[in-house]
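The structure appears right after this line, and notes come after that.
Note that the structure is a prediction, hence the values are computed from the model and not measured.
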Amino acid sequence: RKANLIPKLTVIVVTSQGLKMHGGVALEDITKPNMEGLQKGFENLDKHISNIRLFGQTVLVAFNKYATDSEEEIETIRQHCNSLGVGFAVNNAFCEGGKGAEELAALVVNTIEKAPSKKIHYTYKDTETVEEKIKKVATKIYGASLITFSSVARKKIALINELGYDKFPICIAKTQYSFSTDAKKYGVAKNFELHVRDIVINAGAEMNVVIAGDIMR
C-alpha cells in the first residue's frame, strides 16, 4: 500500500500436515494418512484463497511435499484446487533441489504470463478511523462478529487521533494458528470476539500495530 506495489501473483504454501491439523486431526497424528481430516482441512485453505481473491489477486497453491505424504493425498489436494480454478504445483525442492521446484516455477511463470493480478482491492481506506479499519479486517478477513477494545487500547486510539496518526495503515498482531485470537481454534473460526489489548504506534514506519489476543511480538 505505502509503496504502491502491485504483485503479479500470490502463492499460498500448503502442507498435508497443516490441512490435517485444521481438519481436526491430533497433532501427534498429522503425519499419518487421514483422508477425512485432510478434506476437512480444505475449509481453512478455501478461506485463505477467498481472502486473497478479495484483494483482487490471482492465486495458486504450492504444495510442500514431505516424505510421509502419499500420492493419493497429493492428488486429492490437486483436484480440490482444480475445482476452485486455482493452479496447483508440488514443490519438492527440499529433497531434489532446483529440479524439485521446476513444476512450481513453470506454473508461476505461466500464470503471470496468462492471468496476472492487475490491481489490488484494499480492505479499508486510509481515511477511515482506526476502529473502522480494525473492524473491517476482523470481520471481512478473519470472520469475527464482535470487536472489543481494552481501556488501554481506547487511550491509544485517542492519542493516535490527537497526533494525527489515524491515517496510518494498521497491522494486526495475533496468533498465526487461527483466524481467531485463540491459537487452538483450528479450521475456520466463526462469530468470535476479537479483543484488542493494545495498540503500538510505529511513527517512523507509519503504521499502527494492533495487539489482539495473547501474542509475543
Side-chain angles (χ1 to χ4, degrees), residues 5-118 120-121 123 140-143 174-190 192 215:
L5 296 175
I6 303 177
K8 295 291 186 182
L9 179 68
T10 296
V11 179
I12 296 179
V13 179
V14 170
T15 65
S16 65
Q17 296 177 39
L19 289 172
K20 291 172 190 174
M21 182 189 78
H22 285 291
V25 178
L27 294 181
E28 60 268 22
D29 295 326
I30 58 176
T31 60
K32 302 174 183 177
N34 191 322
M35 191 60 71
E36 181 181 359
L38 183 81
Q39 292 175 319
K40 284 184 178 179
F42 287 161
E43 182 184 21
N44 182 270
L45 172 60
D46 294 354
K47 174 62 174 171
H48 283 290
I49 291 173
S50 175
N51 281 347
I52 296 301
R53 284 176 164 172
L54 281 176
F55 289 101
Q57 282 286 292
T58 300
V59 59
L60 61 83
V61 167
F63 178 79
N64 274 4
K65 186 178 180 180
Y66 283 74
T68 54
D69 297 331
S70 70
E71 289 303 319
E72 182 184 12
E73 288 176 331
I74 296 173
E75 187 57 29
T76 298
I77 301 168
R78 186 189 298 274
Q79 290 177 5
H80 179 73
C81 290
N82 289 342
S83 72
L84 299 175
V86 173
F88 175 91
V90 174
N91 174 31
N92 197 25
F94 184 80
C95 289
E96 300 179 359
K99 181 181 179 181
E102 285 181 355
E103 179 188 357
L104 174 60
L107 179 61
V108 167
V109 172
N110 186 58
T111 304
I112 289 175
E113 288 180 349
K114 294 183 177 180
S117 307
K118 296 181 179 178
I120 296 179
H121 305 295
T123 307
K140 292 184 178 182
I141 303 300
Y142 300 148
K174 69 171 198 65
T175 179
Q176 71 271 37
Y177 295 111
S178 173
F179 283 106
S180 74
T181 55
D182 183 350
K184 298 299 182 182
K185 284 190 176 181
Y186 301 133
V188 179
K190 297 181 177 69
F192 58 89
I215 183 74

Next item on the list: Rounded to the nearest 0.5 Å, what's the gap from CD on Gln39 to CD1 on Ile77? Could you check?
Entry: 9.5 Å
Notebook entry, point to check: Which value, rounded to the nearest 0.5 Å, describes the distance between Asp46 atom CG and Cys81 atom SG?
Noted result: 8.5 Å
Next item on the list: For the pair Lys40 (side chain) and Val25 (backbone), establish whether a donor and an acceptor sit closer than 3.5 Å, ignoring hydrogens and angles.
Entry: no
Next item on the list: Run the numbers on Asp69 and Phe63 for side-chain contact (heavy atoms from CB on, under 4.5 Å), then give the verdict.
Entry: CA-CA 11 Å; Asp69 297 331; Phe63 178 79; 3.4 Å; yes
Check: Do the side chains of Ile49 and Val86 get nearer than 4.5 Å, heavy atoms only?
Finding: yes
Check: Short question: side chain of Asn51, backbone of Ile141 - any donor-acceptor pair under 3.5 Å?
Finding: yes
Item checked: Test salt bridge (Lys or Arg N to Asp or Glu O under 4.0 Å) applied to Lys65 and Glu96, Glu73, Glu71, the passing residue -> Glu71
Check: Do Glu43 and Lys47 meet the salt-bridge criterion of a basic N to acidic O distance under 4.0 Å?
Finding: no
Notebook entry, point to check: How many angstroms lie between atom OG of Ser16 and atom CD1 of Ile74, to the nearest 0.5 angstrom?
Noted result: 7.5 Å
Check: Got a donor-acceptor contact below 3.5 angstrom from the Lys174 side chain to the Ile215 backbone?
Finding: no
Checklist line | Pairwise distance CD(Gln57) to CD1(Ile6) - rounded to 0.5 angstrom | finding: 9.0 Å
Note to self: Which heavy atom of Ala189 sits nearest to which heavy atom of Ser178, and what is that distance?
What the structure shows: CB-OG, 4.3 Å
Notebook entry, point to check: Given side chains that start at C-beta, do those of Pro116 and Thr58 come closer than 4.5 Å, heavy atoms only?
Noted result: no
Notebook entry, point to check: Out of curiosity, Thr111 OG1 to Glu113 CD, how far, rounded to the nearest 0.5 Å?
Noted result: 9.5 Å
Next item on the list: Take Leu60 and Leu9 through the test side-chain contact (heavy atoms from CB on, under 4.5 Å) and record every step on the way to the result.
Entry: CA-CA 8 Å; Leu60 61 83; Leu9 179 68; 3.5 Å; yes
Check: When rounded to the nearest 0.5 angstrom, what distance separates CG in Asn82 from CD in Glu75?
Finding: 8.0 Å
Notebook entry, point to check: Please walk me through it: do Lys20 and Tyr186 pass side-chain contact (heavy atoms from CB on, under 4.5 Å)?
Noted result: CA-CA 10 Å; Lys20 291 172 190 174; Tyr186 301 133; over 6 Å; no
Notebook entry, point to check: Looking only at heavy atoms, which two atoms of Phe88 and Glu103 are closest? And how far apart?
Noted result: O-OE2, 3.8 Å
Item checked: Derivation of the side-chain contact (heavy atoms from CB on, under 4.5 Å) call for Tyr66 and Thr31 -> CA-CA 9 Å; Tyr66 283 74; Thr31 60; over 6 Å; no
Next item on the list: Would you name the heavy atoms of Asn44 and Gly187 that are closest together and state the gap between them?
Entry: ND2-O, 2.7 Å
Notebook entry, point to check: Angle class for the Phe42/His80 ring planes (parallel below 30°, perpendicular above 60°, tilted otherwise)?
Noted result: parallel
Next item on the list: Provide the closest heavy-atom pair for Val90 versus Arg78 in the form atom of the first, atom of the second, distance.
Entry: CG2-NH2, 3.7 Å
Item checked: Pro7 side chain reached by Ile120 side chain, heavy atoms, under 4.5 Å -> yes
Check: Closest heavy-atom contact between Tyr177 and His22?
Finding: O-CE1, 3.2 Å
Next item on the list: Heavy atoms only: give me the nearest Ala62-Leu104 pair and the separation to one decimal.
Entry: CB-CD1, 3.7 Å
